[in-house]
Amino acid sequence: MTDLQPSILRGEVKVRGLSKSYALNRSSLSVLRNLDLDVNGGEILAIVGPSGCGKTTLLRVLAGLESPDRGEVLIDGHPVAGVGRERAVIFQEPRLLPWLTVLENVAFGLEVRGVPAAQARERARHYIHLVGLTEFAEAWPRQLSGGMAQRVGIARALTVQPEILLLDEPFGALDAMTKLTMQEELARIWREEGVTMILVTHDLEEAIFLADRVLVLSRDNSDPARLIDVDLPRPRDRSEQGFVAMRRRLMAEFGLH
Amino acid sequence: MTYQHLDSTTVQVSGESAEPGLTRRGAAFAREALSRYGLLAGFLILWQVASRSGWVSPSVLPPLDTIASALWNGIASGALVDDIAISLQRSGIAFAAAVVLGIPLGLFMGQIAAVERALDPILQLFRQTSALALYPVFILLLGLGETSKIFVIFWATLFPVLLATIGGVKEVDRKLIEMARTYGATPLAVFRRVILPASVPSIFVGLRLSATTALLLLIAAEMIGANKGLGFQVMNAQYNFQIPLMFASIFLLAGLGLVANFILVALQNRLCRWAAPVR
């Protein structure tokens with residue numbers, strides 16, 4: 001059915017009544033409480049919130065790495081459980097296989113999905129080029145800097161051509177300068193690939209720079225999750241007035257000034 | 001400030017490269033060799049001088065050239081060659097059996113927690129029981145022939161490779177396995193493409209330990225009940241007061257150990273080109 005639908009539906013995520021709690025010394029810690037969320041196909045949604053608010057848990061449930069206690073996740077209208085071919089995850093650490101070259105790492109996702117190695121590597125080369133690492137295709141992961149390694153991780157995720165890219169604090173471990181470059185690159189990749197991105201971050205500027213909407217999660221049981229539109233023209237400028245105003249508004253959400 | 005610093009660095013670098021590169025590399029090589037082998041060379045020289053000049057009794061600690069000629073005679077006459085062959089055969093068969101059993105069993109045990117939990121106490125008991133203490137038991141069970149010798153070496157050799165393999169599998173980064181799972185890797189693909197390659201360095205640590213153990217046990221087994229082999233030769237030469245021959249056999253054993261280790265390290269570096277080379 002979905003194959004016949006036009007591409008407007010592709011990469012659309014619906015979350016319905018999602019709840020998840022963890023056992024914690026005999027009591028239970030509830031991190032997600034009856035969450036509803038609609039992510040449009042092709043948009044960038046950023047998820048922010050204090051640590052322990054469940055943002056990473058939400059992403060892991062969306063990735064299929066954890067199952068919710070209650071509620072469901074629908075992708076392009078179909079309920080999903082477990083991992084799936086239409087999603088790819090970029091973690092905070094690059095998680096490269098040290099015994100594979102850059103090229104082999106990028107082709108890894110396709111190869112475990114049964115694509116013949118030659119074909120997988122051809123497509124991998126395209127995405128290595130896209131992230132600007134053409135000269136490093138034969139390098140080993142230990143020879144790469146943190147930013148380069150994370151680019152390889154991004155290329156690996158893009159190579160399987162997912163509808164939805166799930167990013168868990170992807171630049172959290174990088175230095176400030178590299179982080180800014182990587183954000184620019186991610187914005188460019190998004191323009192070129194048109195993939196839905198769900199981005200967990202603790203960096204409010206990163207959220208405003210990249211996202212169409214920001215989901216603010218809180219730890220407080222009485223305080224529901226809030227969605228904030230980032231209505232700024234792209235490409236975005238961090239020093240522009242609207243950007244600064246948006247930053248102030250998001251800070252206020254956290255009671256900061 | 002910053003500029004000054006940069007300038008002085010540049011001057012220093014260009015000054016260095018003005019020197020002829022070849023001599024500099026030769027000097028660096030000599031320094032490296034001296035720092036690595038200098039002490040060993042000093043030890044050998046001291047041995048030679050001490051024995052020749054009579055500081056120690058040459059009949060107990062013969063000069064190195066006497067040992068070398070005993071070694072040469074033994075090899076040229078073929079007497080030591082037979083000993084080497086039989087020793088290599090014993091330790092080789094035992095080592096191969098330990099590898100063939102230990103690695104697959106370790107890979108299996110490392111992955112299935114229930115199996116590992118059930119087998120661990122008995123493994124610890126076996127491991128802590130000295131193989132030499134069990135040698136009389138093996139002789140009673142298997143006779144005084146080749147089987148008991150090979151078995152006692154196998155017994156001691158099995159545990160390092162088995163335990164290192166289990167450890168390697170258990171210590172595979174869970175995050176890499178999770179990454180593979182997000183791409184839909186089947187359990188078999190996770191094993192083949194993540195767990196197995198990740199365990200290789202640890203398996204090699206076990207292999208090198210096992211190879212050393214194999215030679216260690218070989219000597220003990222040959223000293224107790226053999227009439228051939230390098231271990232027998234060490235004991236026999238001592239009984240007959242052929243001290244140069246005794247030392248020749250000891251040096252041969254040390255050589256075998258070094259060669260085995262060298263082969264394993266070369267193999268590991270070949271298989272693990274992705275990691276920093278091992279020495």
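Worth saying up front: this structure is predicted, and the values here are computed from it rather than measured.
When heavy atoms are compared at a cutoff of 4.5 Å, Ala275(B) approaches chain A solely by way of its backbone atoms N, CA, C and O. Of the two parts of Arg156(A), the backbone and the side chain both hold a non-hydrogen atom closer than 4.5 Å to a non-hydrogen atom of chain B. Neither the backbone nor the side chain of Val190(B) comes within contact range of chain A; no heavy atoms are under 4.5 Å apart. Looking at Gln143(A), neither its backbone nor its side chain comes within 4.5 Å of chain B, counting heavy atoms on both sides. With a threshold of 4.5 angstrom between heavy atoms, Arg142(A) approaches chain B through side-chain atoms but not through N, CA, C or O. Of the atoms belonging to Val89(A), heavy atoms from both backbone and side chain fall under 4.5 Å from chain B. Looking at Ala157(A), the atoms closer than 4.5 Å to chain B (heavy atoms on both sides) sit in the backbone and in the side chain alike. For chain A, the nearby parts of Arg273(B) are the backbone and the side chain; heavy atoms of each come within less than 4.5 Å. If you measure heavy-atom distances from Leu166(A) to chain B, you find no contacts under 4.5 Å at all.
Residues Tyr183(B) and Arg113(A) have side chains in contact (heavy-atom distance under 4.5 Å, counting atoms from C-beta outward). Side-chain contact between Pro197(B) and Leu100(A) is absent, with no heavy-atom pair separated by less than 4.5 Å. At a threshold of 4.5 Å between non-hydrogen side-chain atoms, the residues Met179(B) and Leu97(A) count as touching.
Nearest heavy atom pair, residue Leu176(B) against residue Pro98(A), reads CD1-CD, 4.2 Å.
More than 12 heavy atoms of other residues, nucleotides or ligands lie within 6.0 Å of CD in Gln124(B), so this atom counts as buried by the packing criterion. Residue Leu39(B) places its CG atom among 12 or fewer non-hydrogen atoms of other residues, nucleotides or ligands, all under 6.0 Å distant. Open room surrounds NE2 on His129(A); 12 or fewer heavy atoms of other groups in view lie less than 6.0 Å from it. Taking a 6.0 Å sphere around CZ of Arg123(A), one finds it holds more than 12 heavy atoms contributed by other residues, nucleotides or ligands. Annotation for Phe108(B): atom CZ does not count as buried by contact number, only 12 or fewer foreign heavy atoms lying within 6.0 Å. Other residues, nucleotides and ligands contribute more than 12 heavy atoms inside 6.0 Å of the CG atom of Leu40(B). Within 6.0 Å of OH in Tyr22(A) there are more than 12 heavy atoms belonging to other residues, nucleotides or ligands.
Using a 4.5 Å heavy-atom cut-off against chain B, the contacting residues of residues 43-68 of chain A are Arg60(A), Leu65(A).
With hydrogens and angles ignored, the 3.5 Å screen pairs a side-chain donor or acceptor of Trp99(A) with a backbone N or O of Arg193(B).
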